[in-house]
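Some notes on the structure that comes next.
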Amino acid sequence: MNAINLINVNKNFGKLRVLKCINLNIESGEIVSIIGPSGSGKSTLLRTIMKLEEIDEGIIKIKEEAIANVEEGIKVKIPKAVLSSSLKNLGMVFQNFNLFPHKTVMENIMEAPVMVKKMSKEESIGKAEELLDMVGLLDKKNSYPSELSGGQKQRVAIARALAMKPDILLFDKPTSALDPELVREVLQVIRKLAKESGKTMVIVTHEIAFAMDISSRVIFMDNGEIVEDSTPEKIKNTTNERVKAFLQNIT
Ligand SMILES: Nc1ncnc2c1ncn2[C@@H]1O[C@H](COP(=O)(O)OP(=O)(O)OP(=O)(O)O)[C@@H](O)[C@H]1O
Ligand SMILES: [Mg+2]
């Protein structure tokens, strides 16, 4: 089944064309990395999939259900119930963690399951502890975000995204705000999820070696376009000059 489906998606910020006629199909269970220069539209692409940005043209579907549909500039209304049930399939991890500073680690993880999913407190505590154990932070359950390292904060953010049990996880440069020695612990958690969870994962990253290693598919974006969409092997040996230049600069 298709997890994510974009058909002719265009997105502008004012006069700036940020996504240009994007067509993309991601199958359930695929691990896809998105690479490309700064400003190429990677975050915007993820944000439109999360419905954090409106599009100007095209269709976005999550598990075959449209969450955005604009035909020739005319927005087709998506019923609220469809939208909210579709968005429940998605979890996103941001570059800057986005944790609630005044809540403990446990409270950060339990917030959405209790408030949105109406999970009981007991059940959510059990689930949160299980997730914290998975990311290796059970001993920090009563800490506040300000008491954690960047790598720990990001692992809490991953646990928080998982608490809603999404089938599809989007990561936007999850390690780029981290000191080099903290990058590895976060990549390890993402690698484990990629290997074991069976979830569909879309990872925007500048960690090229990591991307090539864990993904079955790598997408190179430049200037609002998908320039190459291929296997890690093929991307490494690309003949496309833009992709080549990017890979040479970054590694
Ligand atoms: N809210 C906004 N308003 C206006 N322009 C924006 C907005 N968000 C992004 N842009 C512009 O859209 C373009 C694409 O930005 P985007 O954040 O998607 O790039 P990116 O590929 O994620 O870059 P990076 O690798 O630096 O994170 C950039 O030119 C950016 O300046
Ligand atoms: Mg970005």
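Index from 1, following the sequence.
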Lys88 side chain vs Pro166 backbone, donor-acceptor pair below 3.5 Å: no
Over 12 non-hydrogen atoms of neighbours within 6.0 angstrom of NZ in Lys75: no
Point-to-point distance, once rounded to the nearest 0.5 Å, from CD1 of Ile235 to CG of Asn240: 8.5 Å
Short side-chain to backbone donor-acceptor contact, Glu65 and Ile62, under 3.5 Å: no
Distance (rounded to the nearest 0.5 Å) between Met106 CE and Glu111 CD: 13.5 Å
Thr238 vs Phe220 side-chain heavy atoms within contact, under 4.5 Å: no
Side-chain heavy-atom pair Leu46, Met50 within 4.5 angstrom cut-off: no
Same apolar cluster (I L V M F W Y, side chains within < 4.5 Å links), Ile55/Ile219: yes
Pair Leu187-Thr175, side chain to side chain contact (heavy atoms under 4.5 Å, CB included): steps then yes or no: CA-CA 8 Å; Leu187 293 186; Thr175 60; 3.6 Å; yes
Joint hydrophobic cluster, Leu24 plus Ile203, side-chain heavy atoms closer than 4.5 Å: no
Val183 vs Glu207, side chain to side chain contact (heavy atoms under 4.5 Å, CB included): CA-CA, chis, key distance, verdict: CA-CA 9 Å; Val183 168; Glu207 298 287 336; 3.7 Å; yes
Carboxylate-amine/guanidinium contact Arg47 Asp172, below 4.0 Å: no
Ser86 side chain to Leu83 backbone, donor-acceptor under 3.5 Å: no
Main-chain N/O of Asn96 paired to Gln154 side chain as donor or acceptor, under 3.5 Å: no
Heavy-atom closest pair, residues Lys153 and Leu148: CE-O, 3.4 Å
Common cluster, Val135/Tyr144, ILVMFWY with side-chain heavy-atom separation under 4.5 Å: no
ILVMFWY network linking Val105 to Ile158, side-chain heavy atoms under 4.5 angstrom: yes
Any side-chain heavy-atom pair of Leu178 and Val186 under 4.5 Å: yes
Interatomic distance, Leu162 atom CG to Ile109 atom CD1 [nearest 0.5 angstrom]: 9.0 Å
Least distance between heavy atoms, Ser124 atom then Val114 atom: OG-CG2, 3.4 Å
Test item: Lys63 side-chain N/O and Ile4 main-chain N/O as donor-acceptor pair under 3.5 Å: no
Whether Lys165 side chain and Pro113 backbone form a donor-acceptor pair below 3.5 Å: no
Closest non-hydrogen atom pair, Ala66 against Ile59: CB-CG2, 4.4 Å
Ion pair Arg242/Asp222, N-O distance below 4.0 Å: yes
Side chains of Ile26 and Asn2 in contact at under 4.5 Å (non-hydrogen atoms): no
Residue pair Leu99 / Arg160: nearest heavy atoms and the distance that separates them: CA-NH1, 3.7 Å
N/O donor-acceptor pair under 3.5 Å between Ser40 side chain and Pro37 backbone: yes
Contact check, side chains of Ile78 and Asn69, non-hydrogen atoms, under 4.5 Å: yes
Check: Lys15 main-chain N/O paired with Asn12 side-chain donor or acceptor under 3.5 Å: no
Ion pair Glu64/Lys61, N-O distance below 4.0 Å: no
From CA spacing to verdict: side chain to side chain contact (heavy atoms under 4.5 Å, CB included), Leu247, Ile35: CA-CA 9 Å; Leu247 292 176; Ile35 60 174; 4.1 Å; yes
hydrophobic_cluster_shared for Val189 and Leu138, side chain cutoff 4.5 Å: yes
Side chains of Val227 and Met221 in contact at under 4.5 Å (non-hydrogen atoms): no
Donor-acceptor contact below 3.5 Å, side chain Glu107 vs main chain Thr104: yes
Beyond-backbone contact of Ile22 with Ile226, side-chain heavy atoms, under 4.5 angstrom: yes
CE (Met115) with more than 12 external heavy atoms under 6.0 Å: no
Lys117 atom NZ: more than 12 heavy-atom contacts under 6.0 Å: yes
Heavy-atom donor-acceptor pair, Asn237 side chain to Glu233 backbone, under 3.5 Å: yes
From CA spacing to verdict: side-chain hydrogen bond (donor to acceptor under 3.5 Å, both in side chains), Gln95, Ser176: CA-CA 6 Å; Gln95 185 173 346; Ser176 66; 3.1 Å; yes
Heavy-atom check, side chain of Lys140 versus side chain of Leu137, under 4.5 Å: yes
Considering all heavy atoms, the nearest Ala177-Phe97 contact: CB-CZ, 4.4 Å
Atom pair CG/CD of Leu193 and Gln188 - distance to nearest 0.5 Å: 12.0 Å
Mind listing the side-chain donor-acceptor pairs of residues 208-218 below 3.5 Å, one per line with the distance, residues two or more places apart or on another chain?
from   : atom 1 : to     : atom 2 : distance (Å)
Asp213 : OD2    : Arg191 : NH1    : 2.3
Ser215 : OG     : Ser33  : OG     : 2.6
Ser215 : OG     : Ala211 : O      : 2.3
Ser216 : OG     : Ile31  : O      : 3.3
Arg217 : NE     : Asp229 : OD1    : 2.8
Arg217 : NH1    : Asn25  : O      : 2.7
Arg217 : NH1    : Glu30  : OE1    : 3.0
Arg217 : NH1    : Glu30  : OE2    : 3.3
Arg217 : NH2    : Asn25  : O      : 3.1
Arg217 : NH2    : Asp229 : OD2    : 2.8

Distance (rounded to the nearest 0.5 Å) between Lys244 NZ and Asn249 CG: 13.5 Å
Qualifying residue, where the test is side chain to side chain donor-acceptor pair (under 3.5 Å) with Asn10 and the options are Lys20, Glu57, Arg17: Arg17
Closest approach of Ile168 to Ala3 (non-hydrogen atoms, all atoms of both residues): CD1-O, 3.7 Å
Phe171 six-ring centre to Lys173 NZ/CZ under 6.0 Å and within 45° of normal: no
Full working for side chain to side chain contact (heavy atoms under 4.5 Å, CB included) between Leu6 and Leu45: CA-CA 10 Å; Leu6 279 77; Leu45 180 69; 3.5 Å; yes
Distance, nearest 0.5 Å, that separates CD1 of Ile190 from CZ of Arg155: 11.5 Å
